[in-house]
Enquirer: 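Handing you a structure now.
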Amino acid sequence: MSIADSPVLDFAGSPINKALSADDKIELYRKMVRIRSFEQAALKYYNAGKMGGFLHLYIGQESVAVGTLSLCGPNDHNITAYRCHGHALAVGMSMNECMAELYGKATGCSKGKGGSMHFFAPDKNYWGGHGIVAGQTPLGLGLAYGLKYKGLEGAALCYMGDGAVNQGAYHESLNIAALFDLPVIYVIENNGYSMGTSQKRSSSFRGCLAQRAEGYDMDWDVVNGSDLYEVRAKTHIALERARKQHKPTILEINTYRYYGHSIADANHKKYRTPEEIENYKKNHDPIHLWENRLLAEGVLTAEKVTEIKNAAKQEAAASVEFAEKSPAPAVESIMTDVYWETDNNTPASAIGRHFFTD
Amino acid sequence: MSIADSPVLDFAGSPINKALSADDKIELYRKMVRIRSFEQAALKYYNAGKMGGFLHLYIGQESVAVGTLSLCGPNDHNITAYRCHGHALAVGMSMNECMAELYGKATGCSKGKGGSMHFFAPDKNYWGGHGIVAGQTPLGLGLAYGLKYKGLEGAALCYMGDGAVNQGAYHESLNIAALFDLPVIYVIENNGYSMGTSQKRSSSFRGCLAQRAEGYDMDWDVVNGSDLYEVRAKTHIALERARKQHKPTILEINTYRYYGHSIADANHKKYRTPEEIENYKKNHDPIHLWENRLLAEGVLTAEKVTEIKNAAKQEAAASVEFAEKSPAPAVESIMTDVYWETDNNTPASAIGRHFFTD
Amino acid sequence: MSRILTYREALREGLDEELARDENVVLMGEEVAQYNGAYKVTEGLWAKWGDKRVVDTPISEAGFIGMGIGASMLGVRPVMELMFWSFHSVAFDQLVNNAACVRYMSGGLINVPIVMRGPANGGNNVGATHCHVPEALFASFPGLKVCAPATPADAKGLIKTAIRDNDPVYVMENVLLYGTTGEVPDPAAGDHLVPLGKADLKRQGSDVSLIAHGRSVLHCLAAAETLQQEHGISAEVLDLRSIRPLDVDAILATVRKTNRVVLVDESKGFGGVSAMVSHLIQDEAFDYLDAPIKRVTTLDAPAIYSPFIEPDQLPNPRRVVEKVLSLR
Amino acid sequence: MSRILTYREALREGLDEELARDENVVLMGEEVAQYNGAYKVTEGLWAKWGDKRVVDTPISEAGFIGMGIGASMLGVRPVMELMFWSFHSVAFDQLVNNAACVRYMSGGLINVPIVMRGPANGGNNVGATHCHVPEALFASFPGLKVCAPATPADAKGLIKTAIRDNDPVYVMENVLLYGTTGEVPDPAAGDHLVPLGKADLKRQGSDVSLIAHGRSVLHCLAAAETLQQEHGISAEVLDLRSIRPLDVDAILATVRKTNRVVLVDESKGFGGVSAMVSHLIQDEAFDYLDAPIKRVTTLDAPAIYSPFIEPDQLPNPRRVVEKVLSLR
Ligand SMILES: Cc1ncc(C[n+]2csc(CCOP(=O)(O)OP(=O)(O)O)c2C)c(N)n1
Ligand SMILES: Cc1ncc(C[n+]2csc(CCOP(=O)(O)OP(=O)(O)O)c2C)c(N)n1
Ligand SMILES: [Mg+2]
Ligand SMILES: [Mg+2]
């Protein structure tokens, strides 16, 4: 959360960024804009009572998912916590299946079973979407273990919040990652707060949260999340370390969320000042900064910006329509997707009673 | 476990050690000898089939409990894991109640309910004796919390093994200790092994295990456990930091166990060489070194040594006799000590069914 | 002398009174202080009582719950909030070993006067990991006590009793009850305490006994109304309130009176409080049963998110009515 | 074609065969490799299969179990040892949320083919924290499967089936059974698999049904012998073997045959497998019951250490006989 203090470095010249074509850069822009549009639509219809439960918006943090995941190849896997919409769209999930999931419709990515916190797309190497703080951190380790076990050159990106670093499961995972040389990258998306608790009220640390890596003899870095070039440049190094050396890394990416912890969080202007929020919006917004950068580079034009924004809005609106029109899940669907064996009607599933509803 | 590499420093001149009278020094010696004698007797009768379950011997590590606990005053509390006999005797529990507990007799310190892993003496500020690896680490934090809450100038010493550092609960405790400024000292009794796993096969770390403290902005130190002067000198600093500043510390005390993990561990000469064990016994035994030191200082004489050793052996033998002669607990005692309210026959305990044995 | 309070206000009043009564009582948990609680149960208490008595913790359930247990051994009386009871899963060892067994393993030398509280329920679309209802799970560990109030008055009375009890008491609240209202005795009339181990007959009846706890009690009361109005069936509703200790006498009394039982329990079908109560009834009132004991439980799958069908997964008045009508 | 093996050897043979059959099978746990297992179940397997297939982990149950779950999502098939099942308490979230719910929350996109195994029992004087018997606890979470073999043949057959099953299967072994012996089919005669969900009638009888799992089955067999010899009572012994899925048909069949039931269960009295089975029986075989269903459970306190009286806390043949004799 010390974005303001970071020295201004320019990562545009890093090889991984120099390799980007103009189209690639525009595509990164489009992805971030689409995430924001999707969530703005979600927010609107959540407030209209169309969804239940929580809605944890990613708005303000888009560069993290888009920047890091833009570097991923077919053997790179990823997993995150409940603030999972940005990653979902970044890996290529459609707005339709995501919006329908928020609505709790049968056409949702999880058939309406998971909701906002539980988007999954294993076909896109995206393993969710997890609601228990830091509960996904050993799973991310396991993805890395699986990659190494199968002899694949890949990495597992495991995202988490700044509040999650104080869960035991994360610590256990760090030690195993370093001890077993597993290709996992823990990405701390440090937005400065865990619900209403500022980082300094939840964690004791020296330097930064990522630096705890040293206690495990592990590499780490801190990243200015509002600069997409920096996110990519530093993540690339960690990815290569994972893929080629099977070595883990902690990356702490400083970022910010503009809305409350979840939309039910009406307190969010109490635990931080309106000025703080405004400052981020004005001076550190990752989409805005990337837009300016590409405009300056001559890669984007004002017309293109408008076109991309409009298209994203339309896509989001269409996904709302898709979700609205989709059928609710049937009550019977409550009882499927519990066991693989019963879902697949295997001989094993016919032996003994599996379900105990009176 | 890097005792051999430690530079040879002399802590005899530390004020806390200079303050020791000849009698004090002899008393420290006596305590260590008594612990060893007690456990040698326990080993003998365990092997004779007189006890059940586990027997985790402290032999080789005596200086840790005796050295650290010798500094404790009325407001200092302590708690440890299952290797708990040394601490029990060091705080002043009698051999009788301890031996009887190993025997599972009604006269045991826990009435035969706890066994080898679960000695307790709250009246001596000793809170056990805990079987789940690192499960006691948040309890130690809680003792510190209680002290601070009540405005007492004291510290909580929480002992643990080198294998316990990779449990999540410990990590959570460290963060809270540093964040809340709690007067707790985590004493890692590093005997180099967690069961059959050497430290380097269980932990990834830079420098040493205690150094992980830096990730929490916490103080730490490493101690040569075979030198009682050093144990006292360094623990004293941590205790003062806790008492006066409410600041936590991790102390890693290098030590060694001569026997297997528990007596059932017949493997213990497979995962470490006989030479390694011999080297410790010969060159690093804390009792032996202290004895030599006191002989050199002229505080002890050969006769006194013999007298102390004989007395300890007799005391241990007497405790065996006490245990042998003590009655087994009555079957009815299984159902007491579950709830405070039922034990004390309070009105609350008369309302509703508390127990559900068919 | 009674006022109408919400369940949330009643809990808060109970906490506030106990903070005033005993300086060793301290509230702890994630967001309980400055944020006023995720569900606002502790609203205003930090402002009133300050940093020492109302404490925000990091997201470290094993750490802070273990800390509370340790402090309780020295006489502090921590009342700890799990933002959801479901998060017990990351602190399970502290909850079932350290809290439940230390007294026993020490031969009675130690007691652990802690209270754990927070919501334990499905029905608010938060999905499988956030909807566990662990009353039976914790009641199965001797050394622990468990209760689950259904009304504001019981919520206040039980939280106060729990805080004064010298054993660990786990209080299961319900997000969907926080806003419900009911009469709560005026503090001026004296301490309002509801004992652990005492069930409450929430409705008299003669044809069938509906036995439940927590929000399921409200389903039973609604179902009883329908049964009376539409089917002429007189249902008695027994609110267990406390799971351990359990008011077995009250259970047997209602069964002996009506001879027919439906147990309503938000647990999943395998186990739950209801399986235990069912066993007890057939064991101790076998000859009084005119029909098998039936249950209404949560459909036996992890909790679904979809707001369209989550209500169908849970016990609800319709399912209770149907079950009663199906009794032979 | 049968050999006499110990329960331990039978498990080991099953593990060894599955390591050979499927290169994705990997054994993990504390001390399972170089130390040959705390209870020597995995003895020799590291020497035979090497570092990749048999892996020692740090004392980080949440970490390594979560790791196994994550790896299983990619097709690895981890068979993980808990040195004691009691240590589930420090990994509970991984065991009941990640393993049990990920399939559901993803709408069926993911499966988690893990096996968790280790001893789950009292009786070896290791005290309250090491003696949990969590069969019912885990069976209450839909998404999980649970079994508890009582004999060497069942141990081998069930561990092999568990490994091939595509859902998480939790296998509850028993320290006190590891050294017991029994016939196990020769591998030359083909794969020996015991399906989940199939109970085994371990002894025929006509007067009373003793229903149990794990070591309690042996108590039932011993008690049945005494009942026959000394009291002329013919007891049938049904070994559930698998807790979830549960062979309800076999349970109802024996009840319909004998009309009298004693359930023997090492759980504590509140809940347990037996409370669930009791509820099922009275629900589905009400008219066949000539007497209330009785249980023999562990005395309802944390596990005591004292070797002098620990056997009295647990079910044992004497207590089973007495319970049968007390049936009216
Ligand atoms: C084990 C657990 N404890 C508490 C919660 C409730 N909770 C959900 S999110 C959250 C804050 C997490 O903050 P952070 O890790 O910084 O992530 P962010 O929300 O900022 O993305 C809390 C306390 C939970 N889901 N799981
Ligand atoms: C959570 C948990 N996991 C595993 C065990 C089994 N176990 C008991 S002691 C031990 C080794 C601990 O080693 P260390 O912490 O170095 O302590 P030492 O025995 O050397 O004193 C293990 C694995 C346990 N008791 N609790
Ligand atoms: Mg955050
Ligand atoms: Mg050790």
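Below, read A as the first sequence line, B as the second, and so on, with proteins coming before strands; counting in each chain starts at 1.
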Enquirer: Does D:K40 have more than 12 heavy atoms from other residues, nucleotides or ligands lying within 6.0 Å of its NZ?
Expert: yes
Enquirer: What option among D:H130, D:Q313, D:K294 has the most heavy-atom pairs under 4.5 Å with chain B?
Expert: D:H130
Enquirer: Do you know which of B:G163, B:P329, B:A328, B:S202 has the most heavy-atom pairs with chain D at a distance under 4.5 angstrom?
Expert: B:P329
Enquirer: Assess the residue pair B:R201 and D:D56 against the criterion (salt bridge (Lys or Arg N to Asp or Glu O under 4.0 Å)); give the C-alpha distance rounded to whole Å, side-chain angles, the decisive distance to 0.1 Å, and a yes or no.
Expert: CA-CA 9 Å; B:R201 291 207 303 125; D:D56 278 329; 3.0 Å; yes
Enquirer: Considering residues, nucleotides and ligands other than B:K325, do more than 12 of their heavy atoms fall under 6.0 Å from its NZ?
Expert: no
Enquirer: How far apart are the closest heavy atoms of D:F308 and B:Y103, and which atoms are they?
Expert: CE1-O, 3.1 Å
Enquirer: Check each atom of B:A169 against the heavy atoms of chain D and say whether the ones under 4.5 Å are side chain, backbone, both or neither.
Expert: neither
Enquirer: Using a cut-off of under 4.5 Å for heavy-atom pairs, which of B:K111, B:K105, B:K270, B:H354 has the most such pairs with chain D?
Expert: B:K105
Enquirer: What pair of heavy atoms forms the shortest contact from B:G112 to D:I304, and how long is it?
Expert: O-CG1, 4.1 Å
Enquirer: What's the spacing between B:S198 OG and D:Q34 CD if we round to 0.5 Å?
Expert: 8.0 Å
Enquirer: List the atom of D:I59, the atom of B:S194, and the distance in Å for their closest heavy-atom pair.
Expert: CD1-CB, 3.8 Å
Enquirer: Give, as side chain, backbone, both or neither, the part of B:F355 having an atom under 4.5 angstrom from any heavy atom of chain D.
Expert: both
Enquirer: Hey, is CZ on B:F322 packed in by over 12 heavy atoms from elsewhere, all under 6.0 Å?
Expert: yes
Enquirer: Under 4.5 Å heavy-atom distance to chain D, tell me which part of B:M117 shows up: side chain, backbone, both or neither.
Expert: side chain
Enquirer: With rounding to the nearest 0.5 Å, note down the distance linking CD1 in B:I334 to OG in D:S306.
Expert: 8.5 Å
Enquirer: Where on D:K268 is there a heavy atom nearer than 4.5 Å to chain B: the side chain, the backbone, both, or neither?
Expert: neither
Enquirer: What option among D:Y35, D:F84, D:F87 has the most heavy-atom pairs under 4.5 Å with chain B?
Expert: D:Y35
Enquirer: Which atoms of D:Y39 come close to chain B, meaning under 4.5 Å heavy atom to heavy atom: side chain ones, backbone ones, both, or neither?
Expert: side chain
Enquirer: If you look at every heavy atom in B:G52 and D:N125, which pair is closest and at what distance?
Expert: CA-OD1, 3.4 Å
Enquirer: Is any side-chain heavy atom of B:Q167 closer than 4.5 Å to a side-chain heavy atom of D:V90?
Expert: yes
Enquirer: On a heavy-atom basis, which atom in D:V126 and which in B:G53 lie closest, and how many Å separate them?
Expert: CG1-CA, 4.2 Å
Enquirer: Atom OG in B:S116, atom OH in D:Y305: separation rounded to 0.5 Å?
Expert: 7.5 Å
Enquirer: When you measure from the side chain of D:D300 to the backbone N and O of B:F356, does any donor-acceptor pair fall under 3.5 Å?
Expert: yes
Enquirer: Nearest 0.5 Å, what's the CD-CG distance between B:E332 and D:D312?
Expert: 9.5 Å
Enquirer: Can you tell me which portion of B:D337 sits under 4.5 Å from chain D's heavy atoms? Options are side chain, backbone, both or neither.
Expert: neither
Enquirer: At their closest point, which heavy atom of B:T197 faces which heavy atom of D:E31, and how far apart are they?
Expert: OG1-OE2, 2.8 Å
Enquirer: Quick one: what part of D:E61 sits under 4.5 Å from any heavy atom of chain B, side chain, backbone, both or neither?
Expert: both
Enquirer: Heavy-atom pairs under 4.5 Å with chain D: which of B:V338, B:V133, B:V165, B:V331 has the most?
Expert: B:V331
Enquirer: What's the separation between atom CZ in D:F270 and atom CG in B:D358, rounded to the nearest 0.5 Å?
Expert: 12.0 Å
